Number of protein chains: 2
Amino acid sequence: MLRNWVLPELRLTVTQTAQELEIARQTLHRVLAGKAAVTPEMAARLARLCGMPAHFWLDLQLAHDLWHAQHALADTLERIPVHALPDTLKTDILTRHGRT
Amino acid sequence: MLRNWVLPELRLTVTQTAQELEIARQTLHRVLAGKAAVTPEMAARLARLCGMPAHFWLDLQLAHDLWHAQHALADTLERIPVHALPDTLKTDILTRHGRT
DNA sequence: TCCAGATGTAGCGCATCACGTGACAGAGGG
DNA sequence: CCCTCTGTCACGTGATGCGCTACATCTGGA
């Protein structure tokens, strides 16, 4: 993602990018290697750097974290009662607070 | 949000909800009071409980965290160089990995 | 051939934070 | 009066992002 598309396009090395982002070289490397998550602070830095929306980077991380959480809590989730919420209320809340 | 719409509709108290989610009562309270963030694990539990999508709860938290990050790093972000990324590449990446 | 820079990887310490637990106080209903 | 629910605080723990140091590898230029 970042390494294969953005950095080559900007003609930036990992070391240079880390300097411009004002973070440690290893910190950026951990993100690139998937060893660390994309934090909101990191997303804000990346958004500033290349113009991609911050929530884009965060949504990628979010989907990843959610996937892990659902699998780690699979057996626990099965024990949680499922309550019916009226669709009218559901759609009402989603339209009120949903992303455009 | 949770307290004002979902819980009254389900006729659930905070204590009961915490028991059904298999978490400590104080943990749920911290989330309701905004003292703690909605983690992916918590979002998965809430999604199971009331049927609202997990990414909905996480998007709420995400927007909040991002807002804080951008303000906390305001002066730092100003020092990060802005690089122009071709719109063709931008939209290409967004369509590839963007949420529907 | 030699060397400087970039990169990958590992370990250490620090700060932050979600979470559980125990405890205490106030409000409200039977 | 007692019980439940609730809000709040304090403490400890485990996880994690981050900076830093250090070492090995590789590549391109002098």
Side-chain angles (χ1 to χ4, degrees), chain A residues 1-49 54 57-58 60-73 75-77 79-80, chain B residues 1-4 6-49 54 57-58 60-62 64-73 75-77 79-80:
Chain A
M1 267 278 43
L2 229 185
R3 160 169 282 151
N4 299 324
W5 276 263
V6 178
L7 296 191
E9 180 65 33
L10 299 180
R11 311 291 183 110
L12 286 175
T13 65
V14 175
T15 303
Q16 286 176 334
T17 306
Q19 289 176 350
E20 293 197 351
L21 293 176
E22 296 190 19
I23 59 177
R25 176 179 66 88
Q26 289 84 340
T27 298
L28 179 58
H29 179 268
R30 278 190 281 250
V31 174
L32 292 175
K35 297 295 184 180
V38 179
T39 62
E41 289 79 6
M42 190 66 67
R45 286 184 157 96
L46 293 176
R48 166 79 179 186
L49 186 77
W57 302 110
L58 287 175
L60 285 177
Q61 184 65 47
L62 195 124
H64 180 265
D65 292 344
L66 180 57
W67 187 89
H68 269 288
Q70 287 175 336
H71 283 71
L73 300 179
D75 44 344
T76 302
L77 291 179
R79 291 195 301 269
I80 298 180
Chain B
M1 267 278 50
L2 231 185
R3 160 169 283 151
N4 298 324
V6 179
L7 295 192
E9 181 65 31
L10 298 182
R11 311 291 182 114
L12 286 175
T13 65
V14 176
T15 303
Q16 286 176 333
T17 306
Q19 290 175 349
E20 294 199 350
L21 293 176
E22 296 190 20
I23 60 177
R25 177 180 65 90
Q26 288 87 338
T27 299
L28 179 57
H29 179 267
R30 278 190 279 251
V31 174
L32 292 174
K35 298 294 184 180
V38 179
T39 62
E41 288 80 6
M42 191 65 66
R45 285 183 157 96
L46 292 176
R48 165 79 179 184
L49 186 76
W57 302 110
L58 287 174
L60 285 176
Q61 185 64 47
L62 196 125
H64 180 266
D65 293 344
L66 181 57
W67 188 91
H68 269 290
Q70 287 176 335
H71 283 70
L73 301 179
D75 44 345
T76 301
L77 291 179
R79 292 195 300 270
I80 298 180

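Throughout, a chain's letter reflects where its sequence line sits, starting with A, and its residues are numbered from 1. Every value quoted in this text rests on a predicted model; they were computed, and no experiment measured them.
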For [X] and [N], give me the distance from atom [atom1] to atom [atom2], rounded to whole Å.
X	N	atom1	atom2	result
B/Leu12	D/dT6	CG	P	10 Å
A/Asp65	C/dC17	CG	P	17 Å
B/His64	C/dA18	NE2	C1'	15 Å
A/Lys35	D/dC18	NZ	C1'	17 Å
B/His29	C/dG20	NE2	P	15 Å
B/Leu28	D/dG7	CG	P	9 Å
B/Gln16	D/dT4	CD	P	13 Å
B/His68	C/dT16	NE2	C1'	15 Å

Answer yes or no: does a side-chain N or O of [X] lie under 4.0 Å from OP1 or OP2 of [N]?
X	N	result
A/Thr39	D/dC18	yes
B/Thr15	D/dT6	yes
A/Thr13	C/dG5	no

Next item on the list: For A/Ala37, answer base if it contacts any base atom (sugar-phosphate contacts may also be present), sugar-phosphate if it contacts only those atoms, and nothing otherwise; contact means non-hydrogen atoms under 4.0 Å.
Entry: sugar-phosphate
Margin query: Counting the atoms with a prime plus P, OP1 and OP2 as sugar-phosphate, which does B/Ala36 contact under 4.0 Å by heavy atoms, base, sugar-phosphate, or nothing?
Written below: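 B/Ala36: backbone/sugar contact only, no base atoms under 4.0 Å.
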Can a donor-acceptor pair under 3.5 Å be found between the side-chain atoms of [X] and the base atoms of [N]?
X	N	result
A/Gln26	D/dG17	no
B/Arg30	D/dG7	no
A/Arg25	C/dG8	yes

Do the side chain of [X] and the main chain of [Y] share a donor and acceptor less than 3.5 angstrom apart?
X	Y	answer
A/Gln16	A/Thr13	yes
A/Arg45	A/Leu21	yes
A/His68	A/His64	no
A/Glu20	B/Ile80	no
A/Arg30	A/Ala36	no

Notebook entry, point to check: D/dG19, C/dC19, D/dT6: which one has an atom nearest the side-chain heavy atoms of A/Thr27?
Noted result: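 Comparing D/dG19, C/dC19, D/dT6 against the side chain of A/Thr27, the answer is D/dG19.
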